[in-house]
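Residues: numbered from 1 along the sequence shown. Side chains are part of it too, since the values below use all heavy atoms of this structure and drop only hydrogens, waters and symmetry mates.
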Amino acid sequence: MVLSKTTSESNVSIHSTFASRYVRNSPTQFKMLENSIPKEVAYQIINDELMLDGNPRLNLASFVTTWMEPECDKLMMASINKNYVEMDEYPVTTELQNRCVNMIAHLFNAPLEDSEAAVGVGTVGSSEAIMLAGLAFKRKWQNNRKAQGKPYDKPNIVTGANVQVCWKKFARYFEVELKEGKLSEGYYVMDPVKAVEMVDENTICVAAILGSTLNGEFEDVKLLNDLLLEKNKQTGWDTPIHVDAASGGFIAPFLYPELEWDFRLPLVKSINVSGHKYGLVYAGIGWVIWRSKEDLPEELIFHIGADQPTFTLNFSKGSSQVIAQYYQLVRLGMEGYRNVMDNCHENAMVLKQGLEKTGRFNIVSKDHGVPLVAFSLKDNKRHNEFEVAEKLRRFGWIVPAYTMPADAQHITVLRVVIREDFSRTLAERLVLDIIKVLHELDSLPSKLAVAAQQNGKNGTVVKKTEMETQREVATYWKKFVLDRKTIKNKIC
């Protein structure tokens, strides 16, 4: 006789995840639970919340890579448990990093002999790379000033107001004055002439941007180099150049090989580039390359393990991104990178032409530069760029709207970054969705009509100028977007 067996109600393994007691209460947000929960339930709870994130492929605000080949994904997962800094334990990973440094240095035309190793290091991103390059410039300048018996407590860096925020972070953290050249309407990058005028004996370097985040434009590093050479000759100074090629470093060598911006120019002493942007690797990898050993002061280099030199702001980090970068360099080669960049540029032109056909936008970006399209409304009196960005989110698109830095704050633009995985089909679809948004906005009354008027002190109505109205509208929507981000990310 076979006896049936009743399963205990306490046996959680037979219950559906969504019917279990673990999902009937809100998970704790501030304190750890007293007891463990099943792995399947933990996974489902977290995965369900993550579904509310934006789609990375449709995040057109970001320069960061959102797609890689499955073979590279496998390599990354296989090395995710390797600590990059443990060079003795993982010598092959260290060797692959050194190979990447040398490949990138040659890509940037570093003056190396056939058997000479390049000077550089992998970083978490371009932010850390810029910190390291800035520290090298500061220390070398201080050493020279000490040798001359001159004050060395007021270093400064000259750059444009369009620099990425990591430069401001470097200046604040490492006590360096940041002298920013202001922008003007229609000219949204650093003016080399004005930059060189700002250089003084305390300038540790001039930072040029190869691919402004505002409109993708390359700054004229060649002109900057020539002007600075002449000023150094007149003053007896030796002010160098750093090129922040975070976005453009993996673009210019393939799309514009004749453009002189790199180590072909004698004053360019270091270059940073983001492997996780157009280097085509997931977020978490940057590179900084120095022209020669003399440009990286020895006292900044630490020696660990079996006398392994290292120059980083942190030690422990994963090896996956370094291995992924090596994969891309080996897998694609010059031909592959050139094809990817050509395709990105062509898709940017498709988007640009589609926007121009609407007759509603001014194109702010340049055809020569990072493959992105920055554009603004020709008429934003009734509705503005922030409203366009907000309504595009209903279609899944994440398109940033932002105001320009000083002295062009009254200019508001939308920006679409064209990455490897942004196809022509998506470009055409985005244009159609933008047209839908424009038609919808045309049918709506202006939400900010009241912004053009305000009550005067005596109760009268004061009419504002068009410029004042534009600035108020831009300020309102900028605050609106920032407030929404603050609410979403109030727990960090």
I need the minimum non-hydrogen distance between [X] and [Y], along with the two atoms involved.
{"X": "I285", "Y": "W287", "answer": "CG1-NE1, 3.7 Å"}
{"X": "V189", "Y": "S212", "answer": "CG1-CB, 4.1 Å"}
{"X": "P155", "Y": "W141", "answer": "CB-CZ3, 3.7 Å"}
{"X": "R264", "Y": "N109", "answer": "NE-ND2, 3.3 Å"}
{"X": "N59", "Y": "R419", "answer": "O-NH1, 2.6 Å"}

Give a yes or no on whether the backbone of [Y] and the side-chain of [X] come within a donor-acceptor separation of less than 3.5 Å.
{"X": "Y256", "Y": "G369", "result": "yes"}
{"X": "R291", "Y": "V268", "result": "yes"}
{"X": "T203", "Y": "C205", "result": "no"}
{"X": "N102", "Y": "A118", "result": "yes"}
{"X": "T65", "Y": "W67", "result": "no"}
{"X": "R393", "Y": "G54", "result": "no"}
{"X": "H345", "Y": "D367", "result": "yes"}
{"X": "N384", "Y": "E387", "result": "yes"}
{"X": "Y402", "Y": "P400", "result": "no"}

For the residue pair W261 and F108, is the inter-centroid distance of their aromatic rings smaller than 6.0 Å?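 Ring centres of F108 and W261 closer than 6.0 Å.
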Salt bridge or not between [X] and [Y]? Use side-chain N to carboxylate O under 4.0 Å.
{"X": "E180", "Y": "K168", "value": "yes"}
{"X": "D342", "Y": "R338", "value": "no"}
{"X": "K82", "Y": "E89", "value": "no"}
{"X": "R331", "Y": "E69", "value": "yes"}

Can you tell me how far the [atom1] atom of [X] sits from the [atom2] atom of [Y], to the nearest 0.5 Å?
{"X": "M131", "Y": "S126", "atom1": "CE", "atom2": "OG", "answer": "11.0 Å"}
{"X": "K182", "Y": "N162", "atom1": "NZ", "atom2": "CG", "answer": "14.5 Å"}
{"X": "M404", "Y": "H410", "atom1": "CE", "atom2": "NE2", "answer": "10.5 Å"}
{"X": "N272", "Y": "C166", "atom1": "CG", "atom2": "SG", "answer": "7.5 Å"}
{"X": "Y282", "Y": "Q321", "atom1": "OH", "atom2": "CD", "answer": "10.0 Å"}
{"X": "L414", "Y": "L377", "atom1": "CG", "atom2": "CG", "answer": "6.5 Å"}

Any side-chain donor near an acceptor of the partner, E294 and S292, under 3.5 Å: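 There is such a pair between these side chains.
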Can you find a heavy atom in the side chain of S316 that is under 4.5 Å from one in the side chain of Y84?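 Heavy-atom side-chain distance check fails, nothing below 4.5 Å.
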Begin from the C-alpha positions of W290 and H242 and carry the test ring pair (Phe, Tyr, Trp, His ring centres under 6.0 Å) through to its verdict. CA-CA 9 Å; W290 283 271; H242 174 84; 8.7 Å; no
Show your working on ring pair (Phe, Tyr, Trp, His ring centres under 6.0 Å) between Y337 and F250 and close with a plain yes or no. CA-CA 8 Å; Y337 269 97; F250 277 109; 5.7 Å; yes
Parallel under 30°, tilted from 30 to 60°, perpendicular over 60°: which one fits the rings of F315 and F302?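 Perpendicular.
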Take atom CD in E177; do more than 12 heavy atoms of anything else shown fall under 6.0 Å from it?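 For E177, atom CD is crowded (more than 12 foreign heavy atoms under 6.0 Å).
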